[in-house]
K.L.:
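My questions will all concern the structure given below.
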Amino acid sequence: VKAGIAKTQMRVLNKSNAAASGWMKERLTSVLDDPKRFELVLEQWSERFAFLMLPLAAGLLSLLFVFQRRFYVFDHTIFSLHSLSAVGLLLAIAALFSKLTHGGSNILMLAAPVHLFVHMRGVYQTSIIGTLVRMALLLLGSVIGGGLIFVGLLWVGLNGMGS
């Protein structure tokens with residue numbers, strides 16, 4: 001009985017792999033045939049996916065300050081909105097001046113962690129070590145969450161390339 005179940009599962013898995021491979025091959029062929037369309041699909045969806053960073057950041061901050069009852073999720077959401085807006089502004093300024101400075105304006109992005117440090121110390125009244133530890137954990141969570149958001153964006157972009 002176990003051998004029969006295992007064979008059935010393998011057949012289903014092979015059919016699933018074949019379907020997934022076919023889907024991926026069709027999408028990648030479409031991307032290679034029309035890269036401009038793929039770029040437009042990603043650009044359209046990236047604006048929508050960027051909004052997912054707000055609940056991600058607010059949720060991470062809620063976890064980092066879970067034992068401090070004086071802060072609520074609302075406070076973390078406002079903090080996240082302010083911080084993400086500052087980073088967005090820095091990105092916009094760097095993009096505007098990148099043509100003039102031949103990419104040298106990217107140094108402006110070093111202001112992002114400085115802003116976050118000063119902002120966290122001011123709002124949450126944490127120690128220097130506490131702020132740095134929370135910043136490191138926030139970075140780790142943001143990289144993981146941002147990576148998942150990016151994978152989702154690629155999946156939606158590839159899915160938009162279907163015929």
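This one's a predicted model, so the numbers in the text were calculated from it and none came from an experiment.
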K.L.:
Is it true that Ser105 and Ser98 share a donor-acceptor pair across their side chains at a distance under 3.5 Å?
P.N.:
no
K.L.:
What distance separates Met135 CE from Leu64 CG, expressed to the nearest 0.5 Å?
P.N.:
11.5 Å
K.L.:
So, taking the atom named CG in Asp75 and the one named OH in Tyr124, what distance separates them when rounded to the nearest 0.5 Å?
P.N.:
7.0 Å
K.L.:
Below 4.5 Å, heavy atoms only, C-beta onward: do Arg70 and Gln125 meet side chain to side chain?
P.N.:
yes
K.L.:
Does the side chain of Gln44 reach to within under 4.5 Å of the side chain of Glu39, using non-hydrogen atoms?
P.N.:
no
K.L.:
Measuring from atom NZ of Lys36 to atom CD of Glu43, what distance do you get when rounded to the nearest 0.5 angstrom?
P.N.:
9.5 Å
K.L.:
Ignoring hydrogens and angles, tell me if any N or O in the side chain of Arg37 forms a donor-acceptor pair with the backbone of Val31 under 3.5 Å.
P.N.:
no
K.L.:
Same cluster or not: are Leu84 and Leu90 linked, directly or through other Ile, Leu, Val, Met, Phe, Trp or Tyr residues, by side-chain heavy atoms under 4.5 angstrom apart?
P.N.:
no
K.L.:
Is there a continuous path of hydrophobic side-chain contacts, each under 4.5 Å between heavy atoms, that joins Val143 to Ile149?
P.N.:
no
K.L.:
Is there a side-chain contact (heavy atoms from CB on, under 4.5 Å) between Leu60 and Leu56? Walk through the geometry before answering.
P.N.:
CA-CA 6 Å; Leu60 288 170; Leu56 173 69; 4.1 Å; yes
K.L.:
Is the centre of the Phe71 ring less than 6.0 Å from the centre of the Phe79 ring?
P.N.:
no
K.L.:
With rounding to the nearest 0.5 angstrom, report the OG to CE distance, Ser80 to Met53.
P.N.:
9.5 Å
K.L.:
Is it the case that more than 12 heavy atoms not belonging to Arg69 sit under 6.0 Å from its CZ atom?
P.N.:
no
K.L.:
I'd like to know if the side chain of Ser83 pairs up with that of His119 as donor and acceptor (distance under 3.5 Å, no hydrogens or angles considered).
P.N.:
yes
K.L.:
Hey, mind stepping through Met120 and Phe65 against side-chain contact (heavy atoms from CB on, under 4.5 Å) and telling me if it holds?
P.N.:
CA-CA 11 Å; Met120 281 183 91; Phe65 290 96; 4.1 Å; yes
K.L.:
Does a side-chain heavy-atom distance below 4.5 Å link Leu110 with Val114?
P.N.:
no
K.L.:
Linking I/L/V/M/F/W/Y whenever any side-chain heavy atoms sit under 4.5 Å apart, do Val118 and Leu108 land together?
P.N.:
no
K.L.:
Between Met161 and Leu28, is the side-chain contact (heavy atoms from CB on, under 4.5 Å) condition met? List the steps.
P.N.:
CA-CA 8 Å; Met161 294 301 290; Leu28 290 177; over 6 Å; no
K.L.:
Please determine whether the number of non-hydrogen atoms from other residues, nucleotides or ligands lying under 6.0 Å from atom CD1 of Ile107 exceeds 12.
P.N.:
no
K.L.:
So His82 and Val123, do their side chains get closer than 4.5 Å, heavy atoms only?
P.N.:
no
K.L.:
Mark yes when over 12 heavy atoms from residues, nucleotides or ligands other than Phe97 sit less than 6.0 Å from its CZ; otherwise mark no.
P.N.:
no
K.L.:
Is there a side-chain contact between Leu138 and Leu116, using heavy atoms and a 4.5 Å cut-off?
P.N.:
yes
K.L.:
Hey, could you give me the CG/NE2 distance between Leu81 and His76, rounded to the nearest 0.5 Å?
P.N.:
14.5 Å
K.L.:
What are the two closest non-hydrogen atoms of Phe117 and Thr131, and how far apart are they?
P.N.:
CD1-CG2, 3.5 Å
K.L.:
Cluster question for you: counting only ILVMFWY and a side-chain heavy-atom cut-off of under 4.5 Å, with indirect links fine, are Leu40 and Phe150 together?
P.N.:
no
K.L.:
Report the distance from atom CE of Met109 to atom CD1 of Ile93, rounding to the nearest 0.5 Å.
P.N.:
10.0 Å
K.L.:
Assess whether atom CH2 of Trp155 is packed by more than 12 heavy atoms of other residues, nucleotides or ligands within 6.0 Å.
P.N.:
no
K.L.:
Show the nearest heavy-atom pair for residues Val87 and Ala112, with the distance to one decimal.
P.N.:
CG2-CB, 4.1 Å
K.L.:
In terms of hydrophobic clusters joined by side-chain contacts under 4.5 Å, are Leu137 and Leu61 together?
P.N.:
yes
K.L.:
Shortest non-hydrogen contact from Leu154 to Phe38?
P.N.:
CD2-CZ, 4.3 Å
K.L.:
Could you check Tyr72 against Thr77 for side-chain contact (heavy atoms from CB on, under 4.5 Å), going step by step and ending with a plain yes or no?
P.N.:
CA-CA 9 Å; Tyr72 299 99; Thr77 303; over 6 Å; no
